[in-house]
Amino acid sequence: MISFATHLLKYISMIELSERLKAMEESATIAMSRKSRELKAEGKDVISLSLGEPDFFTPQFIKDAAVEAMNNNFTMYTPVPGYDDLREAISMKFSRDNGLNYTKDQIVVSTGAKQSIANVVLSLVDEGDEVIIPAPYWVSYLEIVKVAEGTPVVINAGIEKDFKITGKDLEAAITPKTKLMIFSTPCNPTGSVYTKEELRDLADVLVKYPNIVVISDEIYEHINFSGKHVSLAQFSDVYDQVVTVNGVSKAWAMTGWRLGYIGAPKVIADACNKAHHK
Ligand SMILES: Cc1ncc(COP(=O)(O)O)c(C=O)c1O
């Protein structure tokens, strides 16, 4: 008699994973983090520069507010784009900290900035669409683009340029297939921060290509040691082309809470909302 376990093993071994998943590389960040855990377990003194985990804990007032919310039974399904008052609070944050005007219906909350980025990419990118990614970049950008069957177009920005691209670099990478650009400022992994002038230089190019959308990943907004943070969407002539991504993971040491959001042109916010629905 074949045991249940044998049945199960046979069944598992017949499962064929999708080509899409097989093409995904293991996240270098996760691999590094695992390695550092292994070395620590061997008693080695390791400084891990892998996962972007803040070196402080979620502030007490946030934990208290969460406990109070749970005690008030905020424990059920939320509206798909997030609670109205949360989206209003995010709208106020964008206005106060970034000078950005996003109404509530331009804001979509998700389970982390990573999911926000994935939603935007899946909403916009079709097979063969090109997505410009300045390097060094956060490893997940490339994998997300590949899952969407887009074609990553990497622009290398070396140390001599403080790991930042110029408008000229950007324009040289644009083709009729370019759909999207994804970058972060402050940048993970380099820590480089684009100045207002450098962003203006990029905006001067983008304004000539109104069909190109930019994901401006600003999750590290408050982990900035080199000057004031500037948002690309501040420039009114490219505001309609920019999706501003942010969240609470880094600024508030809430990596495990999984809360991210976008401020976006309404058509993209609606698309992400639709992607969430499904
Ligand atoms: C540049 C960048 N964007 C987004 C994220 C993801 O943030 P979240 O925890 O909100 O998904 C990370 C996490 O390390 C990151 O480094």
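In listed order, ligands and their atoms are each counted from 1. Everything numeric in this text was worked out from a predicted model, so none of it was measured. Nothing fancy with the numbering, it's 1 onward along the sequence.
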Minimum-distance protein heavy atom relative to atom 11 (O) of ligand 1: Arg258 NH2, 2.7 Å

Decide if the gap between the ring center of Tyr102 and the ring center of Tyr261 is smaller than 6.0 angstrom. no

I'd like to check whether Ser184 has a polar contact with ligand 1, where a contact means an N/O of the residue lying under 3.5 Å from an N/O of the ligand. no

With rounding to the nearest 0.5 angstrom, report the CG to NZ distance, Asp84 to Lys104. 3.5 Å

Using the salt bridge (Lys or Arg N to Asp or Glu O under 4.0 Å) definition, which of the options Lys250, Lys93, Lys228 pairs with Glu221? Lys93

Check Lys161, Met181, Lys164 against Pro134 for a side-chain contact (heavy atoms from CB on, under 4.5 Å) and give me the one that passes. Met181

Are any of the heavy atoms in Trp257 under 4.0 Å away from ligand 1? no

Salt bridge between Glu197 and Arg200, side-chain N to carboxylate O under 4.0 Å? no

Short N/O distance, under 3.5 Å, between Asn188 and ligand 1? yes

Test: Glu19 and Lys22 ion pair at under 4.0 Å: yes

In ligand 1, which numbered atoms sit nearer than 4.0 Å to a non-hydrogen atom of Ser249? 8 (P), 9 (O), 10 (O)

Is there a continuous path of hydrophobic side-chain contacts, each under 4.5 Å between heavy atoms, that joins Val267 to Leu122? no

Counting only heavy atoms, which portion of Gln115 has something under 4.0 Å from ligand 1: side chain, backbone, both, or neither? neither

Between the candidates Gly52, Pro186, Ala113, which shows the shortest non-hydrogen contact distance to atom 8 (P) of ligand 1? Ala113

Ignoring angles and geometry beyond distance, decide whether Tyr141 reaches within less than 3.5 Å of ligand 1 through its nitrogen or oxygen atoms. no

For Gly112, counting its heavy atoms only, list the atoms of ligand 1 lying under 4.0 Å from any of them. 10 (O), 11 (O)

Where ligand 1 meets Tyr220 - atom numbers and elements under 4.0 angstrom, heavy-atom basis: 1 (C), 14 (O), 15 (C), 16 (O)

Counting heavy atoms only, which of Thr111, Ile223, Val245, Asp217 comes nearest to atom 3 (N) of ligand 1? Asp217

Any non-hydrogen atom of Gly247 lying under 4.0 Å from ligand 1? no

Tell me which one of Val131, Leu180, Ile215 satisfies side-chain contact (heavy atoms from CB on, under 4.5 Å) with Leu124. Leu180

From NZ (Lys44) to OG (Ser36), nearest 0.5 Å: 12.5 Å

Tell me, which protein residue and heavy-atom name are nearest atom 5 (C) of ligand 1, and how many Å apart are they? Trp138 CH2, 3.3 Å

When you measure from atom 14 (O) of ligand 1 to every protein heavy atom, which one gives the shortest distance, and what is it? Lys250 NZ, 2.7 Å

